[in-house]
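One structure below.
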Amino acid sequence: MAKHTRFDLVQSDIPAAWYNLLADFPEPLPPPLHPGTKEPLPPEALEQIFPRNLIQQEMSQERWIEIPEEVRAIYALWRPTPLLRAVRLEKALKTPAHIYYKYEGVSPAGSHKVNTSVPQAYFNKQAGTKRLATETGAGQWGSSLAFACSLFGLECNVYMVKVSYDHKPYRRMLMHTWGATVHASPSDQTEYGRKLQAEDPHCPGSLGIAISEAIEDTVKHPHTKYSLGSVLNHVCLHQTVIGEETIKQMELAGEEPDVIVACCGGGSNFAGLAFPFLRKKIIDRARYRIIGVEPSACPTLTEGELRYDFGDTAETTPLLKMFTLGHKFMPPAIHAGGLRYHGMSPMVSHALKLGLIEAEAYHQTKVFEAATLFAKTEGIVPAPESAHAIASIVNEANKAREEGKKRVLLFNLSGHGLLDLSAYESYLHGKLQDV
Ligand SMILES: *Cc1c(COP(=O)(O)O)cnc(C)c1O
């Protein structure tokens, strides 16, 4: 038989605990602040929008947090996810590098986001929540939460950025199929949405606006909590199942990665793959280069400022210390909708500040060039977001060829692009522009 290119685990290998990098940071993470007093936020201040059990996870310094059996049983619908070696891509690039990817697109919603939507719905159910409100950009998070809510019998109310609501109907249909209610944001459901509609009836919306609407919905409805699909510590925590599985799978492959890459929108799939390897970097002095990749059109890590900022446009969230382009920043309408956020996970921001990781930005034509090469060689059509990681991997593979060095490259393929084919059509027709 030919050499192994796929490294599979079995159901009992699904991690029993999430890994919390907060336990191992060489310097503590700056806390969230109350926007009025500028004092560290007391945990109770979050209870209006989050259940207590998730607030505990958000603030926990424990290294390992047990995954409830019920959540692990649901994870088994798609986990452990495969790790593959992209031998045909290596060949096409004529590179001596070995390229591995962890594939999260096998989940019901087609991306990594269900790794956190399921535990968030579970812990809300435990806490007595009846209804969840959230925002979504292109619909990946909204559909992931809709799926999780349907499993636990929770109502799901989604504010979807208006441009995507109009132009990306398929994930909206997915949300409806899983039983969620979906509003185009700005909507007539909230005071903030009505105000924006009155000011500009054609307002295309943004993630920051949709977050403000979902939070207003939460505080004005009984038994309702808010749920966020990225950025926060507990979201990064839930995603670490990705990296924990990958560590075992790289052992099966008999290699150690030199370079670890993932795309960064709010930072959660990056955190998921990278944080377990960061533990080895901090504690065992492993020498990984770890790279977060973002769009040049929304260059939070590469050109943003590290400071306290709001998570939303209406200034309703606590202040978070993060790389930010400013909470009023309106990113251009690029096809990687999941990477159009003005801020970045405080944990990922802190890791960059401490020099534990690096960041890169790519234009979307370069990204789609890499995406189509990947599709033609490895078969999977990547999500436009994930394709940012592939652009960086192609760059590293080319460097390895030029330097004549074997290197082991690993990236997170955070989702498939089968509901983003219109973006591919634009690219193939030469209609994509770099902004
Ligand atoms: C949402 C999404 C992203 C970006 O979000 P992160 O929190 O940065 O991971 C990346 N890839 C896919 C497939 C997504 O759906």
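Just so you know, ligand 1 is whichever comes first in the structure, and atom 1 is the first atom listed for that ligand. For this chain, numbers begin at 1 and follow the sequence in order.
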Got an N/O contact under 3.5 Å between [X] and ligand 1?
| X | result |
| --- | --- |
| Gly267 | yes |
| Cys264 | no |
| Gly265 | yes |

In terms of relative ring orientation, are [X] and [Y] parallel, tilted or perpendicular, with 30° and 60° separating the classes?
| X | Y | value |
| --- | --- | --- |
| Trp18 | His238 | tilted |
| Phe152 | Tyr122 | perpendicular |
| Phe50 | Tyr226 | tilted |

Open item on the list: Among Arg131, Glu155, Lys130, which residue satisfies the side-chain hydrogen bond (donor to acceptor under 3.5 Å, both in side chains) criterion with Thr224?
Closed with: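 Of the listed residues Arg131, Glu155, Lys130, the side-chain hydrogen bond (donor to acceptor under 3.5 Å, both in side chains) partner of Thr224 is Arg131.
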
Open item on the list: As a test of understanding, state which of Arg171, His335, Gln140 forms a side-chain hydrogen bond (donor to acceptor under 3.5 Å, both in side chains) with Asp420.
Closed with: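 One option only clears the test, and that one is Arg171.
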
[X] heavy atoms, cut-off 4.0 Å: which ligand 1 atoms fall inside?
| X | value |
| --- | --- |
| Gly415 | 13 (C) |
| Ser230 | 6 (P), 7 (O) |
| Gln140 | 15 (O) |
| His112 | 2 (C), 3 (C), 9 (O), 10 (C), 11 (N), 12 (C), 14 (C) |

Open item on the list: Does only the side chain of Leu339 get under 4.0 Å from ligand 1, or the backbone, or both, or neither? Count heavy atoms.
Closed with: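 Within the 4.0 Å criterion, Leu339 contacts ligand 1 through side-chain atoms alone.
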
TODO: Just let me know how Ser345 lines up against ligand 1, side chain, backbone, both or neither, with a heavy-atom cut-off below 4.0 Å.
DONE: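 Within the 4.0 Å criterion, Ser345 makes no contact with ligand 1.
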
Open item on the list: Please determine whether a side-chain nitrogen of the Lys or Arg among Glu251 and Lys248 lies less than 4.0 Å from a carboxylate oxygen of the Asp or Glu.
Closed with: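 A salt bridge is absent here (no side-chain N lies under 4.0 Å from a carboxylate O).
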
Open item on the list: Tell me whether Arg307 at atom CZ has more than 12 heavy atoms from other residues, nucleotides or ligands lying less than 6.0 Å away.
Closed with: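 Above 12, so yes.
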
- [ ] Among all protein heavy atoms, pick out the one at the shortest distance from atom 13 (C) of ligand 1; state its residue, atom name and that distance to 0.1 Å.
- [x]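 In this structure, atom 13 (C) of ligand 1 has Ser414 OG, 3.4 Å as its nearest protein heavy atom.
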
Open item on the list: Using heavy-atom distances only, which candidate in Glu385, Lys113, Glu104 approaches atom 14 (C) of ligand 1 most closely?
Closed with: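 Answer by nearest heavy atom: Lys113.
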
Open item on the list: Out of Ala383, Gly338, Ser107, Ser386, who is nearest to atom 5 (O) of ligand 1 when you count heavy atoms only?
Closed with: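 Nearest heavy atom to atom 5 (O) of ligand 1 lies in Gly338.
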
Open item on the list: Keeping Glu385 on the side-chain end and Gly265 on the backbone end, is there a donor-acceptor pair under 3.5 Å?
Closed with: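 No; judged by distance alone, with no hydrogens or angles, the pair does not exist.
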
